[in-house]
Number of protein chains: 2
Amino acid sequence: MASPIPIHAQLSPRRRGPASGPRLETRFDRRLARILVYATHVFYDKGYAAASMRDLSRASGVSLSGLYYYFESKEELLYLIQKHTFTTIVDRLRRRLEEVADPVERIRLFILNHLEYFLANQKAMKVLSHEDDVLKNGFGAEIAAIKREYYQICMELLDHYKQARGLEFSSRTAVLSLFGMMNWIYTWYNPRVDADAVELAREMGDIFLRGIGAGSAKAPQKKKPATSN
Amino acid sequence: MASPIPIHAQLSPRRRGPASGPRLETRFDRRLARILVYATHVFYDKGYAAASMRDLSRASGVSLSGLYYYFESKEELLYLIQKHTFTTIVDRLRRRLEEVADPVERIRLFILNHLEYFLANQKAMKVLSHEDDVLKNGFGAEIAAIKREYYQICMELLDHYKQARGLEFSSRTAVLSLFGMMNWIYTWYNPRVDADAVELAREMGDIFLRGIGAGSAKAPQKKKPATSN
DNA sequence: CCATTGTTCGAACGTTCGTTCAAATAATAG
DNA sequence: CTATTATTTGAACGAACGTTCGAACAATGG
């Protein structure tokens, strides 16, 4: 229980991760990935804290001690899930944003990308959203950094939009409201009742873009001269 | 019909709750209420599953076994917190809604009531929002019923507004988006940085009402329509 | 004073937790 | 084949968990 925080060094028998090796994806990696899928299901169902390694052992068919051949602790397990999920969604977003220039369309793309991935990987996204601040120290810092990056992208999209339209509103409240709308989905979404990602992205995009689209509200309120944010 | 749901009968030494008695608020009730406050803090910090009765014992200064004089299980503890929090917010809302008739103002009042209570009781509201589906059977059913009631009120407010303005949009998506905006707050709100409840309610009210205010957005938009304001 | 009732507590119960480890098995190379 | 490495496991560890229980303490009324 006392490590100098190299995350997961070569403490395990042999090479870990897709480093230098004969194959790009080793048997080890494939097996680990499979376990991570089961772990995602278990954490989704019971929550990280209430889920036990024995639950995962039962679900995955791997013996309790056998699991520890693939990772060093339950906490690293959560970290691996969150890291993979979050980096995937950010990478996808970056790639798709390269092909769109219009500020409005870029925001709509952000929403669409988020919801598409959210609904296609609902369990992983709940584990990411719900177990937000359970990781500590190194693990927690790394996930927090990705989160900040993702938030920053959205903030920039919004600021460009504001600038292009000469609007004034609190970007922080707007961005966080948007995240709230989108991330809350895991508490209510039912594929039998609710629309798919494209339709949902359109609806939420409408609400959000229209919501921030015009000037300040009808009633005379505080005057905010120039400084935004 | 499952069970008559007596929740917690008179299994405890003597009378429980503010039933018939010499005083309206017994010493027992006051002491229990104090423990519930500590429990709220503990659940807020560590999450329900990860928080232990020993944590609560330490925080409250009551011995581990002494706690069980006031409730029968950890689960009932969470139930008591959630029940009190939820019924209070609904009761307050009902009372305030009686004094407002205008459909728009009623929606704004709903948002304000929610945010005021949310920020004034942030820890309890996180425990309510975050530990959403951990209560089982009788306890879970009772909280779920209040939740449905609260949701229903919001839905009716929105439907009246739709009818009054002749609008068309998915009430379900709209209501759940609004809840998402509001409930997500517990993940980011910082009283040193963010505005107070009144201001926040105005901002979110603007986004939401404007967002649903115009006609349905079926037409693909390239340019912003020339609506003034 | 005693008797009664309401309240608190230390100590322990049985269970489950995350994790370890030496030994056993499967796969691979020489 | 044998030797080496990669993978899997049963059994067990100490710690922590929620909960129980009988004794002790405090308050009150006779």
Side-chain angles (χ1 to χ4, degrees), chain A residues 1-3 8 10-17 19 21-23 25-35 38-39 42-43 46-80 131 134-136 139, chain B residues 8 10-19 21-23 25-35 38-39 42-43 46-80 131 134-136 139:
Chain A
M1 289 289 260
S3 65
H8 55 294
Q10 64 280 33
L11 294 175
S12 270
R14 290 296 165 197
R15 78 196 108 87
R16 280 207 160 185
R23 240 174 307 182
E25 197 188 40
T26 66
R27 177 179 141 89
F28 181 94
D29 295 323
R30 270 179 277 118
R31 201 105 172 76
L32 172 57
R34 232 176 60 91
I35 293 176
Y38 284 112
V42 173
F43 288 165
K46 308 189 119 188
Y48 170 76
S52 74
M53 299 298 291
R54 284 163 180 85
D55 290 329
L56 174 57
S57 170
R58 209 172 300 117
S60 63
V62 179
S63 72
L64 181 56
S65 51
L67 293 170
Y68 284 86
Y69 181 69
Y70 291 95
F71 44 85
E72 297 195 341
S73 67
K74 186 184 174 189
E75 199 185 9
E76 186 187 352
L77 197 51
L78 178 60
Y79 161 78
L80 290 172
E131 317 293 350
V134 342
L135 290 178
K136 305 295 178 195
F139 288 150
Chain B
H8 55 291
Q10 65 279 34
L11 295 174
S12 270
R14 290 296 163 198
R15 80 195 106 89
R16 280 207 159 184
R23 239 175 307 184
E25 196 187 44
T26 66
R27 175 179 143 88
F28 180 93
D29 294 324
R30 270 179 278 118
R31 202 104 172 77
L32 172 57
R34 231 175 60 90
I35 293 176
Y38 284 112
V42 173
F43 289 165
K46 309 190 119 192
Y48 170 76
S52 74
M53 298 301 291
R54 285 162 179 86
D55 290 328
L56 175 57
S57 170
R58 209 173 300 119
S60 63
V62 180
S63 72
L64 182 57
S65 52
L67 292 170
Y68 284 86
Y69 181 68
Y70 291 95
F71 44 85
E72 298 195 341
S73 66
K74 187 185 174 188
E75 198 185 9
E76 185 187 353
L77 198 51
L78 178 60
Y79 161 78
L80 290 172
E131 317 293 350
V134 342
L135 291 178
K136 304 296 175 193
F139 287 150

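Chain A is the first sequence line, chain B the second, and so forth, proteins listed ahead of strands; every chain is numbered from 1.
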Looking at every strand, decide which applies to B:A49 at a 4.0 Å heavy-atom threshold: base, sugar-phosphate, or nothing.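 If one applies the 4.0 Å heavy-atom cut-off, B:A49 turns out to touch nothing in the nucleic acid.
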
Compare the minimum distances between each of [options] and the side chain of [X], then state the nucleotide with the smallest one.
{"X": "A:M53", "options": "C:dT8, D:dT8, C:dG18", "result": "C:dG18"}
{"X": "B:K74", "options": "D:dT19, C:dG10, D:dT9", "result": "D:dT19"}
{"X": "A:S52", "options": "D:dA11, D:dT19, C:dC17", "result": "C:dC17"}
{"X": "A:Y69", "options": "C:dC21, D:dT7, C:dT7", "result": "D:dT7"}
{"X": "A:Y70", "options": "C:dT7, D:dT19, D:dT8", "result": "D:dT8"}
{"X": "A:L64", "options": "C:dT7, D:dT8, D:dA12", "result": "D:dA12"}

d([atom1], [X]; [atom2], [N]) in whole Å:
{"X": "B:R54", "N": "D:dA15", "atom1": "CZ", "atom2": "C1'", "result": "10 Å"}
{"X": "A:L67", "N": "C:dT20", "atom1": "CG", "atom2": "C1'", "result": "14 Å"}
{"X": "A:E72", "N": "C:dC21", "atom1": "CD", "atom2": "P", "result": "12 Å"}
{"X": "B:E75", "N": "D:dG18", "atom1": "CD", "atom2": "C1'", "result": "12 Å"}
{"X": "B:Y68", "N": "D:dG22", "atom1": "OH", "atom2": "P", "result": "18 Å"}
{"X": "B:R34", "N": "C:dT7", "atom1": "CZ", "atom2": "P", "result": "14 Å"}
{"X": "B:R58", "N": "C:dC9", "atom1": "CZ", "atom2": "P", "result": "15 Å"}
{"X": "A:E76", "N": "C:dT20", "atom1": "CD", "atom2": "C1'", "result": "16 Å"}

Would you check if the side chain of [X] reaches a backbone N or O of [Y] as a donor-acceptor pair within less than 3.5 Å?
{"X": "A:K74", "Y": "A:A51", "result": "yes"}
{"X": "B:E131", "Y": "B:Y48", "result": "yes"}
{"X": "B:K136", "Y": "B:E75", "result": "no"}

What are the two closest heavy atoms between B:S57 and B:L64, and how far apart are they?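 The answer is OG-N, 3.3 Å.
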
Short side-chain N/O contact from A:R27 to OP1 or OP2 of D:dT8, under 4.0 Å: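 Checking D:dT8 against A:R27, a side-chain N or O does come within under 4.0 Å of OP1 or OP2.
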
May I ask you to verify if any side-chain N or O of B:R31 is less than 4.0 angstrom from the OP1 or OP2 atom of C:dG6?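 For C:dG6, OP1/OP2 do not have a side-chain N/O of B:R31 under 4.0 Å.
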
Below 30° counts as parallel, above 60° as perpendicular, anything between as tilted: where do the rings of B:F139 and B:Y79 land?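 Rings of B:F139 and B:Y79: parallel, as their planes differ by under 30°.
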
